[in-house]
Amino acid sequence: MGVLDGGLQSVFGVAFGSFYLDGVLQEVTNVPVGGGSTEEVTTDHAIKVQKDRATQRMREAEGYSSTDVAFYILQAGLSVDPNTDHRVIFQGQIWAIANIEADPASTYWEARGSFEGEVQET
């Protein structure tokens, strides 16, 4: 496996995994329950993530809000690719994600996060 075909992913994951913080990539699916109703079903995937200020490209994108942030999610060890049906749960907060892009070396995903609310303890 070479650098250009994803070889850096595991090296980057090992090198930076201890610096990135724990989070959850939550997959959200609406499942029909009858009578035209749906129920939200979630699947959680553990991630290593960092939160930062939104990039200039994010600020120029459609739907940007001044409270949006950037998330950097390590690809190493994650079996799903983030998409807009996912949300990030990080430090007790829930964030919808959009504008998801992989870096050229396939080591992390960059995503814009929009605040949805606080995690409710059950």
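Nothing here was measured: the structure is a model prediction, and the numbers come from that model.
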Problem set entry | Ser65 side chain vs Asp68 backbone, donor-acceptor pair below 3.5 Å | no

Seminar exercise, completed: Looking only at heavy atoms, the pair that brings Thr84 and Ala98 closest together is CG2-CA, 4.1 Å

Seminar exercise, completed: Value for CH2 (Trp109) from CG (Leu25), rounded to nearest 0.5 Å, stands at 8.0 Å

Exercise. Just by distance, do the side chain of Glu101 and the backbone of Asn99 share a donor-acceptor pair under 3.5 Å?
Worked result: no

For this session: State, with a plain yes or no, whether a side-chain heavy atom of Val49 is found less than 4.5 Å away from one of Tyr72.
Result: no

Exercise. So, does Gln75 use its side chain to make a donor-acceptor pair with the main chain of Tyr108 at under 3.5 Å?
Worked result: yes

For this session: Could you list the residues that satisfy side chain to side chain donor-acceptor pair (under 3.5 Å) with Asp103, not counting sequence neighbours?
Result: Thr107

For this session: Starting at CE of Met58, measure out to OH of Tyr64 and round the result to the nearest 0.5 Å.
Result: 10.0 Å

For this session: Look at atom CD of Glu118 and say whether more than 12 heavy atoms of other residues, nucleotides or ligands are closer to it than 6.0 Å.
Result: yes

For this session: Give the C-alpha distance, both sets of side-chain angles, the deciding distance and a yes or no for side chain to side chain contact (heavy atoms under 4.5 Å, CB included) between Glu40 and Val28.
Result: CA-CA 7 Å; Glu40 188 176 276; Val28 181; 3.4 Å; yes

Seminar exercise, completed: Heavy-atom nearest pair, Phe19 first then Gln50, reads O-NE2, 2.7 Å

Exercise. Sequence neighbours excluded, which residues qualify as side chain to side chain donor-acceptor pair (under 3.5 Å) partners of Gln56?
Worked result: Arg59, Glu60

Exercise. Between Lys51 and Phe90, which heavy-atom pair has the shortest distance, and what is it?
Worked result: CB-CE2, 3.8 Å

Exercise. Taking only residues at least two apart or on different chains, which pairs with a member in residues 21-30 satisfy side-chain hydrogen bond (donor to acceptor under 3.5 Å, both in side chains)?
Worked result: Asp22-Lys48, Gln26-Asp44, Gln26-Arg87, Glu27-His45

Exercise. Looking only at heavy atoms, what is the nearest atom pair of Leu74 and Tyr20, with distance?
Worked result: CG-CD2, 3.6 Å

Exercise. So, for Leu78 and Ile73, which heavy atoms are closest and what is the spacing to 0.1 Å?
Worked result: CD2-CG2, 4.2 Å

For this session: Ignoring hydrogens and angles, tell me if any N or O in the side chain of Glu110 forms a donor-acceptor pair with the backbone of Thr55 under 3.5 Å.
Result: no

For this session: Compute the centroid of each ring, for Trp95 and then for Phe71, and state whether the two points are separated by less than 6.0 Å.
Result: yes

Exercise. Rounded to the nearest 0.5 Å, how far does CG of Asn83 lie from CD1 of Ile97?
Worked result: 7.0 Å

For this session: Look at the side-chain heavy atoms of Ile, Leu, Val, Met, Phe, Trp and Tyr, link any pair under 4.5 Å apart, and say whether Leu21 and Val24 land in one connected group.
Result: no

Problem set entry | Straight-line distance of Ile94 CD1 to Ile89 CD1, nearest 0.5 Å | 5.0 Å

